[in-house]
Enquirer: 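Take a look at this one; I'll ask things after.
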Amino acid sequence: MKLNHLNEMQKQAVIHTEGPLLILAGAGSGKTRVLTHRIAYLVEEQDVSPYEILAITFTNKAAKEMRERVEALIGGHPRGMWISTFHSACVRILRNDIDKIGYAKNFVIYDTSDQLVVMKEVLKQLDYNDKIFPPKSMLSRIGSLKDELIGVKDFSDRSKGNFRDERIALVYEKYQNKLKANNALDFDDLIMRAVQLLMANPTELSFYQQKFKYILVDEFQDTNYAQYKLASMLASKHKNLCVVGDDDQSIYGWRGADVGNILGFEQEFPNTKVIKLEQNYRSTKKILDAANGVVANNKSRKKKKLFTDNNEGEDLQYFCAGNAYGEAEHVAKTIVGLMDSENKKLSDFAVLYRTNAQSRVFEEIFNKANIKYRLYGGTPFYGRKEIKDVMAYLRIIENTADQVSLGRVINVPKRGIGLKSIEKILEYAEMNESTFFDALIDVHHIGSLSGSAKAKICNFAELIISLIEKKADMSVTEIVEYIYEKTKYIDILEKEKTVEAQSRIENLQEFLSLTVDFDDNSEIKTLEEFLVTTSLQTSLDTEEDGENAVTLMTLHSAKGLEFPVVFLPGMEESIFPSHMAIKEGNEEEERRLCYVGITRAMSKLYLSHATQRTIYGRVCYNSISRFINEIPDELIARDTKYNRKKAVRKTTTSPLFRGEMLEAKKEKITYDSSQVIRTGSKVIHPTFGIGTVITFKDDMASIAFEGKGIKKISTSFVKLTVC
DNA sequence: TGCAAATGCTTTTTT
DNA sequence: AGCATTTGCA
């Protein structure tokens, strides 16, 4: 196997196969290449069986990519090798042996919205006020407990004496019991339960320890305690644990990721070999220097400095726009310009923003400018109501204990089973200590229900039963078609004749093409398998390859990707760094996020800032981001009259600081001065559309909009286009 | 039961 | 602003 296209450090990382290995891989230093070569090297040169290798990533996409690259290197299918995410590896372990910790093997996986349903029920039953115990924050608290492998018992013990925590411990207990009764696990359970299973069952643990002679973990800086524990447990026999990560790219601390796992790795694993990959192959010198300059401001980090043999490159471009629209227009113009002058393709560009809300303006402007884009994130396909409904039917068929799903669709589409009827069924179930589903079947014995209610419930129960009977000899597609047919879901939507209903129908049809794809291509074609893969899938996984479009995504989703030209808009205090981060003192993580953003760029980087921006419907005047000022001055070309010293002084905690407001207002008027608004002018308003100016004094205009009435508009706050 | 109106949120979100 | 959820009323 040829390794001569690897640099010295990369080569060492590939051939050092025995014992713990920590690879500190800077951005763009070729870590995926190292990982894949390492796996290929083990198989080809060291005669390691693929069966003995476990490679863990965080995303399905990364796992898929790694698998493909390994296949390309060894020229074939690595049979028996586990290349998977933490979660799917855990599902695999749990599927085999979860009965040993009191679950049934056909468990379902609950997503965030399912969790919320369960949590609300818990709080209701405990009679806790959901203002004092908000369901969402209860879930996030419990989530972090699970990330740290703190079970119900542990937490209840350690919260003694703390009034609030004692109560939360009850919530936790009840929540876990409910999940178990539904034979369901949430995402955090997947990891925690897998660890619990292995800890409680030495036979199973030693089976996996024996099996996995070589373990690799990618993005190690993003592991939480539970994931770390899982990896180290599995590796404790052979001690061939190779972890790859970059503490400077740790951006998921808020989700329980612990940089300590990477920083303390050498202490935890004696005789760890440490290899640093510091040569960057991605970016120009100037881009890299900018990234280094920013991240150097962080106090807690392993000292390192990326270098590159790449060209010096161009200056970074900085632009100060009047508002978010001006900012997006500038980006659009730059894209069009570069396509023209440098033959760039749409897919060469990425716009990376801090919050999803920022995408809207870009979408609007790109649509106007006829720039094709691909938006990542947002509501995932599987999160759509209609899709969740179909999935709920499927989940019930697989696991009738799943009350959340039953509750979800018992009256969807509407079949006249109301809340009161459901309560009566629940009562009956509780009295007889049966499941909700069994109560449905027994519906005739529920005296409190009216005859018509009984009939409706009976119909529903029969539908489910017929589905269960048929599932064995039907493909997933056939089952779904059967559900559509029997529930008349699509027919009912068609009668609505609304745009939403139409898009729901399209989604339901799209869902069928997913099931067809599954039926054709999946190795295991059971409904159970379909449910697992879909539960663990996200919007990021559905890629249309070869698509020529500009990428729009958050900085978080951009990790691991690269683009020739990158735009970082919204470089403003309280956007980036976000006001939450400033308030909670998480500045360093934001800075790392900025580092991630800058290092996505290969040859061109554009940063921008808008003096005025509407956030949550309020107009804000944010000062320029501290991160801009941390980029060495000589690397940036400033396409503006903006004065750096002034901005540094201007930085305040409140975005609505008075002085800034006045200053910004002045600037804004200059921005719009090319337009002449007078009585009778036809103007275009970004939200109201076309209108006619009735009166205009100072900067206030009364404008009549077609079908929207007369609005008073401040022309210095809203960008009006005169036509 | 079903709807419209009122209210409440809102950083990031690999699974 | 935009969205989702809850509330209040017919």
Side-chain angles (χ1 to χ4, degrees), chain A residues 56-64 84-91 109-113 115-117 120 130-131 134-137 139-140 143 146-147 185-191 218-219 221-224 226-227 249-257 324 352-358 360-361 376-380 382-383 385 411 414-421 453 532-541 553-561 570 574-584 586 589-590 592-594 596-597 613-620 686-688 718:
Chain A
I56 297 180
T57 61
F58 272 82
T59 63
N60 297 310
K61 200 174 161 212
K64 188 173 161 231
S84 67
T85 62
F86 267 110
H87 291 84
S88 59
C90 287
V91 169
I109 300 165
Y110 275 3
D111 71 9
T112 327
S113 63
Q115 286 179 274
L116 204 58
V117 173
K120 282 179 179 166
D130 59 7
K131 293 280 177 318
K136 286 222 179 82
S137 67
L139 283 172
S140 88
K146 290 179 180 178
D147 287 347
L185 299 177
D186 64 23
F187 286 133
D188 300 310
D189 276 335
L190 293 177
I191 317 283
D218 194 9
E219 306 280 15
Q221 76 282 350
D222 292 334
T223 49
N224 60 36
Q227 293 162 333
Q249 292 188 66
S250 160
I251 54 174
Y252 285 102
W254 50 276
R255 278 186 99 252
L352 311 178
Y353 34 77
R354 181 67 237 281
T355 66
N356 278 311
Q358 286 168 264
R360 265 199 57 238
V361 178
Y376 292 80
T379 319
Y382 292 107
K385 182 191 174 299
N411 199 26
K414 303 245 156 63
R415 44 176 78 88
I417 304 175
L419 273 174
K420 264 183 249 137
S421 309
V532 171
T533 41
T534 48
S535 308
L536 297 179
Q537 216 152 70
T538 64
S539 52
L540 255 56
D541 298 326
M553 59 166 61
T554 62
L555 287 153
H556 281 88
S557 334
K559 191 166 60 125
L561 306 176
S574 89
I575 293 211
F576 193 26
S578 77
H579 63 278
M580 286 294 202
I582 298 170
K583 204 170 77 189
E584 286 163 22
N586 295 334
E589 184 153 309
E590 294 285 301
R592 291 194 289 269
L593 189 56
C594 183
V596 168
R613 185 183 295 275
T614 315
I615 303 164
Y616 307 140
R618 298 179 79 100
V619 176
C620 290
T687 46
F688 298 134
V718 180

Enquirer: Please list each protein N or O that sits under 3.5 Å from an N or O in nucleotides 2-7 of chain B, with the distance.
Expert:
none

Enquirer: Using only atom types and a distance under 3.5 Å, with no angle test, would you say the side chain of A/Asp186 pairs donor to acceptor with the backbone of A/Gln115?
Expert: no
Enquirer: Give each protein N/O atom lying under 3.5 Å from an N/O atom of nucleotides 6-10 of chain C, with the pair distance.
Expert:
unit_1: C/dT6; atom_1: OP1; unit_2: A/Lys120; atom_2: NZ; d: 3.2

Enquirer: Atom OH of A/Tyr353 and atom P of B/dT13: how far apart are they, to the nearest Å?
Expert: 9 Å
Enquirer: What residues, two or more places apart in sequence or in another chain, satisfy side chain to side chain donor-acceptor pair (under 3.5 Å) together with A/Thr534?
Expert: none
Enquirer: Would a 4.5 Å heavy-atom cut-off, applied to side chains only, mark A/Arg255 and A/Asn224 as touching?
Expert: no
Enquirer: Pick the nucleotide of DNA chain B nearest each of A/Arg354 and A/Gly418; which residue has the one closer to the 5' end?
Expert: A/Gly418
Enquirer: Whole-Å distance between B/dT14 P and A/Asp186 CG?
Expert: 16 Å
Enquirer: Quick one: label A/Leu190 by what it contacts on the DNA or RNA (base, sugar-phosphate, nothing), any heavy atom closer than 4.0 Å.
Expert: nothing
Enquirer: For A/Ser421 and for A/Met580, locate the closest nucleotide of DNA chain B by heavy-atom distance; then report the residue assigned to the nucleotide nearer the 5' terminus.
Expert: A/Ser421
Enquirer: What nucleic acid atoms does A/Ile417 come within less than 4.0 Å of, heavy atoms only: base, sugar-phosphate, or nothing?
Expert: sugar-phosphate
Enquirer: Whole Å only: how far is the CD1 atom of A/Ile575 from the P atom of B/dT12?
Expert: 11 Å
Enquirer: OP1 or OP2 of B/dT12 versus the side-chain N and O atoms of A/Ser578: is any pair under 4.0 Å?
Expert: no
Enquirer: Report yes if at least one side-chain N or O of A/Arg360 is closer than 4.0 Å to OP1 or OP2 of C/dA1; otherwise report no.
Expert: no
Enquirer: Just how far, in rounded Å, is C1' of B/dT12 from CD1 of A/Ile582?
Expert: 14 Å
Enquirer: Please check: side-chain N/O of A/Asp218 versus main-chain N/O of A/Ile56, any donor-acceptor pairing under 3.5 Å?
Expert: no
Enquirer: Is the aromatic ring of A/Tyr252 within stacking range of B/dT13, meaning centres under 5.5 angstrom and planes under 30 degrees?
Expert: no
Enquirer: Which of the following nucleotides, B/dT14, B/dT13, B/dT11, is nearest to the side chain of A/Asn356?
Expert: B/dT13
Enquirer: Just compare B/dT13, B/dT10, B/dT14 and give me whichever is closest to any side-chain atom of A/Tyr616.
Expert: B/dT10
Enquirer: How close or far is atom P of B/dT14 from atom CG of A/Asp188, stated in whole angstroms?
Expert: 13 Å
Enquirer: State which of B/dT11, B/dT14, B/dT13 makes the closest approach to the side chain of A/Thr59.
Expert: B/dT14
Enquirer: Is it the case that the side chain of A/Thr614 and the backbone of A/Gly617 share a donor-acceptor pair, with hydrogens and angles ignored and the cut-off at 3.5 Å?
Expert: no
Enquirer: Within this structure, what is the NZ-to-C1' distance between A/Lys559 and B/dT13, rounded to whole angstrom?
Expert: 12 Å
Enquirer: With the side chain counted from C-beta on, respond yes when A/Tyr110 and A/Leu185 share a heavy-atom pair under 4.5 Å apart, and no when they do not.
Expert: no
Enquirer: My understanding is that only residues two or more places apart in sequence, or in another chain, count here; which of them pass side chain to side chain contact (heavy atoms under 4.5 Å, CB included) with A/Asn586?
Expert: A/Ala581, A/Glu584
Enquirer: List the residues meeting side chain to side chain donor-acceptor pair (under 3.5 Å) with A/Gln227, not counting sequence neighbours, and say none if there are none.
Expert: none
Enquirer: For A/Lys583 and B/dT11, give me the distance from atom NZ to atom P, rounded to whole Å.
Expert: 9 Å
Enquirer: Using modelled atom types and a 3.5 Å cut-off, is there a donor and acceptor pairing between side-chain atoms of A/Arg354 and backbone atoms of A/Phe576?
Expert: no
Enquirer: Taking only the side-chain nitrogens and oxygens of A/Thr355, find out if one of them lies under 4.0 Å from OP1 or OP2 of B/dT10.
Expert: no
Enquirer: Excluding sequence neighbours, so at least two apart, what forms salt bridge (Lys or Arg N to Asp or Glu O under 4.0 Å) with A/Lys136?
Expert: none
Enquirer: Starting from C1' on B/dT14, measure out to CG on A/Asp111 and report it in whole angstrom.
Expert: 15 Å
